[in-house]
Amino acid sequence: MASDTTGIVNLSPNQRAWLRFKSNRRGYVSLWVFGILFGVSLFAEVICNDKPLLVYYNGEFYFPIVQAYPETTFGGDFETEADYSDPYVKQLITRGDNWAIEPLIPYSYNTINFNSDLPNPAPPSEHNLLGTDDRGRDVFARLLYGFRLSVLFAFALTAIGVFIGIVAGAVQGYFSGKVDLIMQRLIEVWSSMPELYLLIIFSSIFQPSIWLLIILLSLFGWMGLSDYVRAEFLRGRNLDYVRAARAMGLGNLAIMRHHLLPNSMVPVITFLPFRISGSILALTSLDFLGLGVPPSTPSLGELLSQGKENIEAWWLSLSTFIVLVGALMLLIFIGEALREALDTRK
């Protein structure tokens, strides 16, 4: 017992925080589940695609998911890219000793199932596991691609917001005085800008895109975090170790980076999962309102909008709701576990 206690005492603060995080089983399992789901979504092109992963034709190997090949490559008649869902092309690339490795789901996010006998949106079937949307596109493929897009968007938006928030809060808290007063008034004026109206205006002027959304939302997404960083820097700027570093001749940037910033990262790390979930919800809401990504882009919000327009197509709303709520719940559980793990009172 004594040796175990000694080992725990000798652990670094980060190691003790990791042990506390692992002891929260719900948060730890949620981290694994979310990581696995996101990792699987990164290989969406391998799982859901209307092109073969590998084709062996006349003694040569072809990779259609990486490179476009004309139909004449496989003995067809047209110089345009081969349509691998066409039965004629399928027969060409599998005749004789030729073969092809197909993905698990033979549909991409924009593939229309022309062979379905049911009107769109079609219910779940053996060909479309979660049915099709109002244009005949596979719902499972659009969910997988849409989940990946939402998470990557949230990561990018969170990273930009955290960077700007840390810089702004650090400058305010460290220099304080007039610098803090002027910047705080500017932030108050900027935060009063109508964000939704700006999104509507810019979406009517520019072509909607994921990059436009990241830029516009990044202009406002950093202000909440900067307040926490500002408070941590205000609290730590007059502590003894900072005064000692200043007396030894260290510059302001070195003190902020090496001494104050590491001790101010607790609120930043704690709020990361919640900021990611908020970014996913923001993209979904904007897509639902038609202010987000272009219509052809796979999106959870666009599927929810289709479910609203086609209320009898329950598979559209239900499947999207499960994916969205499941992802948000996992992130919330991770955030709660992080908050408890970084609690200095423990």
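- Side chains of Leu316 and Thr320 form no contact here, defined as non-hydrogen atoms less than 4.5 Å apart.
- By the neighbour-count criterion of 12 heavy atoms within 6.0 Å, atom CG of Asp97 is sparsely surrounded, having that number or fewer from other residues, nucleotides or ligands.
- Note: Tyr62 and Tyr69 meet the aromatic proximity criterion, with ring centroids under 6.0 Å apart.
- Less than 6.0 angstrom separates the ring centroid of Phe38 from the ring centroid of Phe155.
- The ring of Phe34 has its center no closer than 6.0 angstrom to the ring center of Phe333.
- In this view, Pro52 and Val55, Pro64, Tyr84, Ile93, Ala100, Glu102 satisfy the side chain to side chain contact (heavy atoms under 4.5 Å, CB included) rule, not counting sequence neighbours.
- Between the Asn24 side chain and the Gly27 main chain, a donor and an acceptor come within less than 3.5 Å of each other.
- Inter-residue side-chain proximity for Ile187 and Gln172 is flagged as met; some heavy-atom pair is nearer than 4.5 Å.
- A salt bridge is absent between Glu71 and Lys90: the closest approach of a Lys/Arg side-chain nitrogen to an acidic carboxylate oxygen does not fall below 4.0 angstrom.
- Using bins of under 30°, 30° to 60° and over 60° for the plane-to-plane angle, the ring pair Phe21/Tyr28 lands in the perpendicular bin.
- Every residue two or more places apart in sequence or in another chain that forms a side chain to side chain contact (heavy atoms under 4.5 Å, CB included) with Leu92 is listed here: Tyr88, Arg95.
- In summary, the side chains of Asn113 and Asn128 do present a donor paired with an acceptor at a separation below 3.5 Å, with no hydrogens or angles considered.
- By the neighbour-count criterion of 12 heavy atoms within 6.0 Å, atom CE of Met329 is sparsely surrounded, having that number or fewer from other residues, nucleotides or ligands.
- With hydrogens and angles ignored, the 3.5 Å screen pairs a side-chain donor or acceptor of Asn49 with a backbone N or O of Glu45.
- Summarising the local packing, CZ of Arg185 is surrounded by more than 12 heavy atoms from other residues, nucleotides or ligands at distances under 6.0 Å.
- Checked against the 6.0 Å centroid criterion, the rings of Trp222 and Phe163 do not qualify as a close aromatic pair.
- Counting non-hydrogen atoms of other residues, nucleotides and ligands closer than 6.0 Å to CH2 of Trp32 gives a total of 12 or fewer.
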